[in-house]
Structures are given as C-alpha cells and as structure tokens.
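Quick notes on the structure that follows.
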Amino acid sequence: MLTQRPKGTNDLLPGQTEKWRYIENTIRQVCSEYGYQEIRTPIFEHTELFQRGVGETTDIVEKEMYTFLDKGYRSVTLRPEGTASVCRAYVENKLYAGPQPVKLYYVGPMFRYERPQAGRFRQFNQFGIEVFGSTNPAVDAEVITLAMDFYERLGLKNLEVHLNSVGCRRCRPVHKAKLQEFLRPNLDKFCPNCQGRFERNPLRMLDCKNPGCRELSAGAPTTTQCLCEECAEHFEQVKGYLEKVGVRYRVDERLVRGLDYYTKTAFEIMVEEIGAQSAICGGGRYDGLIEEIGGPATPGIGFALGMERIFSALAVQGIEIPLETKADVYLAALGEPAVQEAFKLQAQLRKLHLKVEMDYLARGLKAQLKAADRLKAKYAVILGEDELARGAATVRRMDSGDQQEVKLIDLIDFLAVNK
RNA sequence: GUGGAUGUGGCGAAGUGGUUAACGCACCGGAUUGUGGUUCCGGCAUUCGGGGGUUCGAAACCCCUCAUCCACCCCA
C-alpha cells in the first residue's frame with residue numbers, strides 16, 4: 001500500500017513526461033493561433049458548483065464525484081470536468097464586462113470516482129476550450145475545427161465527428177413530450193435503467209446501448225425533427241460552416257451528451273480501435289449554463305478532450321512523438337584531478353546552453369563511454385591523466401569514432417563551433 | 001456498483017505437489033592493465049502479491065484478502 005499509487009492514478013515517468021510536454025506544446029500552439037487564452041482554475045470547488053453546473057441527474061454528480069468535507073465542514077469536490085469551473089470564473093471575475101467573445105482554454109487533471117479500465121482513470125487530464133458571449137454558429141464550427149486541427153497536427157487519422165443538435169429551452173419540452181408519447185406504450189419492455197430515465201430525461205433513452213432498448217426506440221422522434229426554427233437554422237449553419245472548411249462530420253441523431261447543460265450543438269469525436277472508450281473528445285453549446293449558476297444570460301460553447309486517450313490513439317496508430325536529444329557532450333574523466341577539471345568544463349559548456357553530462361559514479365572509461373552512447377551524445381570528451389598532463393583532452397565523435405586531441409584552452413570554442 | 005481474467009527477479013515469461021525456481025531482455029562486472037553501440041564469459045528471486053489452511057513436502061491444491069487489467073453502466 002505504502003508504495004502503491006491509488007487506484008486509477010498514474011505516475012508519469014521521465015520519457016513519458018517529455019511526450020506530455022510535446023502534446024501540451026501543441027495545445028498551446030494551436031490555441032494561440034486560434035486566439036484562445038489560457039485560464040487556470042482551482043482543482044477543487046464548492047460541491048454545489050458541480051451539482052448545479054453539471055446537473056443533478058448526471059452520472060458524474062450521482063456517483064462519480066470525489067467529494068469531502070474540509071476542516072471548516074465545507075463540502076468541496078475535486079473537479080470532475082472543466083466547464084463548470086471556467087463558467088464560475090467567468091462570472092466571478094466579471095469577464096462578461098470585458099470585450100466579447102471570451103475565448104479560453106485549460107489543461108489539467110480531472111477526477112472521477114469510477115472503476116478504471118482501458119482509457120478511463122480516476123485522475124485523468126483534459127484539454128478543453130470554452131467560448132462565451134456569442135451565439136454565432138460559426139463559433140460552433142470553429143470549436144470543432146480547432147479540435148480536429150489539433151488532432152491532425154499530432155498525426156492522428158480515422159477520426160469521426162459525430163454531430164447533433166439537442167435543441168433549446170423552447171424545443172426541448174416539445175421533443176420530450178413527443179418522445180414520451182412514443183415510448184410510453186412499450187415502457188415496460190425497456191431496461192430498468194431506461195425506465196428510470198423516462199420521466200427525468202427520456203432523451204438519454206435514445207442513447208442506451210442495450211440492443212433491446214435500441215430496437216424499441218427505433219423510429220422515435222429525434223431532437224432534430226423537433227427543433228424550433230431558430231435551432232434548426234443554427235444547426236444548418238453549423239453544418240454549412242464545417243463544410244466550408246472541409247471538416248467531415250456525421251449527423252448522429254442519437255447523440256445525447258451525458259451532461260445536462262447542453263443546448264443546440266452537441267458533438268463527439270470518436271476513434272474506433274482504442275477499445276471501449278472510443279470518444280476522445282466531447283462538447284457542445286450550453287447557452288443556459290452561465291445563467292444557471294447565477295451569472296448574466298450568456299451563451300457558451302466548448303469541448304473537453306482526454307489526453308490519456310490521445311496517447312492510446314497515437315499508440316494504436318503507431319505514431320511516435322519526436323524525442324529530444326539527451327546530451328550533446330559527455331565528459332569522461334579518469335582520476336580525481338581530471339574530474340575536477342571536467343566539472344569546471346561542464347559548467348562552462350552549460351553556460352553556452354550545451355547539454356552536458358559527466359560521470360558521478362567514478363566508473364571506468366568503458367562504462368563512461370557506454371553512458372555517452374546511451375545518452376546519444378554527439379561527443380565524448382576524454383580527460384585522463386595523460387591528456388591532463390598535456391593540457392588537452394581527447395574529443396571523440398560518437399557516431400564515427402573519430403577522435404582528436406584538443407587543447408583545453410581551445411575546447412570550449414571547439415565544442416561550441418562543432419555542436 | 002456488477003461481471004470476467006490475471007498476479008513468479010526491473011520487464012517479459014516457463015514451471016501446476018518432491019532435493020539447487022528454466023529462459024529471454026534490461027542492468028552490473030570481466031575478456032592482459034584508458035575507449036561505446038557486435039560477440040563471448042560471469043553476476044543478478046533463501047523465493048513465487050499478502051495471510052491462513054491441507055500435506056511428510058506446495059510457487060503449484062483449498063479459503064480469505066489485496067492489487068492490476070478488461071468489460072458493463074457512463075463517459076475524456
């Protein structure tokens with residue numbers, strides 16, 4: 001126990017952290033180009049925020065939150081997702097008073113109490129974006145495009161955008177009524193889960209994976225059939241914009257997001273081939289959320305994508321993330337006087353921003369060259385007693401094995417020039 | 001929360017009742033004394049997730065427990 005990490009968490013070790021940094025750099029690059037600015041919110045919030053923001057009837061709130069009392073007996077919760085916090089920050093810091101739209105992104109860990117499996121963890125990382133203050137369907141298209149652009153830069157293939165519109169405050173009740181009317185005659189034949197959803201959220205019944213339920217709900221009125229004029233027009237325009245920039249999508253009328261706050265546009269990006277958890281990105285518009293948590297009526301839209309799932313997809317698609325070279329120069333010193341000299345050289349070379357390493361285990365030359373080889377160093381500088389006596393060092397090119405003697409006073413220049 | 005699989009050295013993996021727990025990779029050392037990536041030689045588990053039991057005897061059989069993985073639900 002003592003030396004075992006909590007269930008569903010991960011250690012990112014050297015080598016992996018480098019890959020994560022690469023992904024994060026790509027995120028920052030894309031966001032910067034699209035005009036999104038980073039926001040960092042706390043990793044825990046008052047529990048009510050998620051209850052209200054994410055929705056009381058969602059799985060997240062019903063059974064997946066890491067909730068505990070702090071020493072002041074306040075209920076706090078490790079954030080299960082990013083949108084609620086960002087909305088809270090938007091309201092609390094009165095970002096609505098500044099120029100609109102406000103385009104934000106975040107990267108960081110999220111927490112959900114679930115049984116881990118492939119692509120699912122209790123602590124996992126998401127990159128997400130949110131746009132506040134515009135109902136323009138072009139924004140919906142931009143958000144989706146940004147996600148696809150990001151994946152494309154990483155080299156991912158076979159991604160599918162699933163797109164739907166779930167309507168707004170006006171058309172949702174209409175749809176709900178029609179849906180219940182359609183489903184009611186066969187209600188007793190649905191799975192218990194669906195029966196429970198019938199009153200609270202019949203929309204979710206369309207999303208059930210149970211084949212029996214799917215059959216029973218086949219032909220049910222879809223959200224898109226019941227859209228009000230405004231929502232229908234919005235949906236058409238989103239599709240139009242996507243087509244203009246060549247983002248392929250598939251309308252999926254059964255796509256219903258698991259979170260309660262969505263309105264109009266809902267989408268998921270899928271990669272099959274990474275196992276049961278094939279959704280790598282999910283998002284949509286949430287025009288009522290800011291108001292719901294106590295802010296001024298403000299439209300919003302965003303997505304969240306799972307970083308661990310990026311790695312799963314990269315792995316199955318055989319995509320390697322380029323790694324940095326570990327060392328330019330390896331100083332192999334033999335004997336205490338040489339070690340002293342090497343230590344000084346190391347510091348001087350580092351001032352020139354060369355990647356330099358030396359041996360700290362008093363190993364033999366053979367072992368030191370082996371270390372240089374492992375680090376893929378370009379040069380090994382051999383500093384032994386002989387060389388030291390001559391005020392020189394042997395510089396060995398690791399790839400060719402060529403070596404030459406260089407005076408110590410010329411060594412820094414030599415390595416700087418030939419790096 | 002439910003179901004299934006698995007747990008042997010740093011990693012992969014053989015072994016399914018009988019004296020010293022294969023092998024591969026990695027790691028460390030050596031092959032005439034200061035030269036890497038190839039080769040050769042050597043080293044590296046008083047012990048088989050943990051606890052209890054059966055037995056003359058268990059890593060192997062039984063019970064309990066812990067952990068990991070996968071799936072369901074749902075999602076990132």
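Just so it is clear, the values below take in all heavy atoms, side chains as well, and ignore hydrogens, waters and symmetry mates. Just so we're on the same page: letters track the sequence lines, and every chain starts at 1. Note that this is a predicted model, so its numbers are computed, not measured.
Among residue pairs with one or both ends in residues 393-419 of chain A, none qualify as ring pair (Phe, Tyr, Trp, His ring centres under 6.0 Å); sequence neighbours excluded. Counting only residues at least two apart or on different chains, the salt bridge (Lys or Arg N to Asp or Glu O under 4.0 Å) pairs with a member in residues 46-58 of chain A are A/Arg52-A/Glu292.
By the side chain to side chain donor-acceptor pair (under 3.5 Å) test, A/Arg309 is found to be paired with no residue, residues two or more places apart in sequence or in another chain being considered. By the side chain to side chain contact (heavy atoms under 4.5 Å, CB included) test, A/Thr222 is found to be paired with A/Thr224, A/Gln225, A/Glu253, residues two or more places apart in sequence or in another chain being considered. In this structure, A/Phe68 has no ring pair (Phe, Tyr, Trp, His ring centres under 6.0 Å) partners at least two apart in sequence or on a different chain. Legend: residues meeting salt bridge (charged side-chain N to carboxylate O under 4.0 Å, His left out) with A/Arg74, ordered by chain and number and at least two apart, are A/Asp70. Scored by the side chain to side chain contact (heavy atoms under 4.5 Å, CB included) test, A/Arg250 finds A/Glu160, A/His162 as partners (sequence neighbours excluded).
For the P atoms, the distance linking B/G36 with B/A71 amounts to 47 Å, nearest Å. B/C74 and B/G1: their C1' atoms are spaced 12 Å apart (whole Å). Here, B/G24 and B/C40 have their P atoms 11 Å apart, quoted to the whole Å. The same atom, C1', is picked in B/A31 and in B/U19; the two are 36 Å apart, to the nearest Å. Comparing the C1' positions of B/G37 and B/C23 gives an interatomic distance of 25 Å, to the nearest angstrom. Only the C1' atoms considered, B/A5 is 24 Å distant from B/G9, to the nearest whole Å.
The cationic atom of A/Arg396 (NZ for Lys, CZ for Arg) does not lie both less than 6.0 Å from the six-membered ring centre of A/Tyr379 and within 45° of the ring axis. Cation-pi geometry between A/Lys239 and A/Phe235 is met: the NZ or CZ atom falls under 6.0 Å from the ring centre, inside 45° of the normal.
Listed nucleotides B/C72, B/C75, B/C74 differ in distance to A/Arg309; the shortest reach to its side chain belongs to B/C75.
Residue contacts shown for A/Glu114 include a base, since a base heavy atom lies under 4.0 Å away. Within 4.0 Å of A/Gly364, counting heavy atoms only, lies no atom of the nucleic acid at all. Across all strands, A/Lys7 comes closer than 4.0 Å only to sugar-phosphate atoms, never to a base (heavy-atom distances).
A straight line from CD1 of A/Ile274 to P of B/C70 spans 12 Å, rounded to a whole angstrom. Rounding to whole angstrom units, CG of residue A/Asn10 and C1' of B/U68 are separated by 12 Å. One atom, CD of A/Gln4, and another, P of B/C66, lie 12 Å apart when rounded to the nearest Å. Across the protein-nucleic acid pair, A/Arg120 atom CZ and B/A76 atom P stand 10 Å apart, rounded to whole Å.
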Polar atom pairs (N or O), protein with nucleotides 30-37 of chain B, under 3.5 Å:
from: B/G34; atom 1: O6; to: A/Asp386; atom 2: N; distance (Å): 2.9
from: B/G34; atom 1: O6; to: A/Asp386; atom 2: OD1; distance (Å): 3.0
from: B/G34; atom 1: O6; to: A/Asp386; atom 2: OD2; distance (Å): 2.7
from: B/G34; atom 1: O6; to: A/Glu387; atom 2: OE1; distance (Å): 3.3
from: B/G34; atom 1: N1; to: A/Glu387; atom 2: OE1; distance (Å): 2.7
from: B/G34; atom 1: N1; to: A/Glu387; atom 2: OE2; distance (Å): 3.3
from: B/G34; atom 1: N2; to: A/Glu387; atom 2: OE2; distance (Å): 2.7
from: B/U35; atom 1: O2; to: A/Arg396; atom 2: NH1; distance (Å): 3.0
from: B/U35; atom 1: O2; to: A/Gln403; atom 2: OE1; distance (Å): 3.4
from: B/U35; atom 1: N3; to: A/Gln403; atom 2: OE1; distance (Å): 3.3
from: B/U35; atom 1: N3; to: A/Gln403; atom 2: NE2; distance (Å): 3.1
from: B/U35; atom 1: O4; to: A/Gln403; atom 2: NE2; distance (Å): 3.0
from: B/G36; atom 1: N7; to: A/Arg396; atom 2: NH2; distance (Å): 2.7
from: B/G36; atom 1: O6; to: A/Arg396; atom 2: NH2; distance (Å): 3.1
from: B/G36; atom 1: O6; to: A/Met398; atom 2: O; distance (Å): 3.2
from: B/G36; atom 1: N1; to: A/Met398; atom 2: O; distance (Å): 2.2
from: B/G36; atom 1: N2; to: A/Asp373; atom 2: OD1; distance (Å): 2.8
from: B/G36; atom 1: N2; to: A/Met398; atom 2: O; distance (Å): 3.0
from: B/G36; atom 1: N3; to: A/Asp373; atom 2: OD1; distance (Å): 3.3
from: B/G37; atom 1: O4'; to: A/Asp373; atom 2: OD2; distance (Å): 3.0

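With hydrogens and angles ignored, no donor-acceptor pair under 3.5 angstrom links the side chain of A/Glu64 to the base of B/C75. Interface remark: the A/Arg115 side chain does not form any donor-acceptor pair with the B/C72 base, using a distance-only criterion of under 3.5 Å.
Under 4.0 angstrom from either OP1 or OP2 of B/A76 there lies no side-chain N or O belonging to A/Gln126.
In secondary-structure terms, RNA chain B builds stems of at least 3 consecutive Watson-Crick or G-U pairs, each pair having both distances under 3.5 Å, at B:1-7 with B:66-72, B:10-12 with B:23-25, B:27-31 with B:39-43, B:49-53 with B:61-65.
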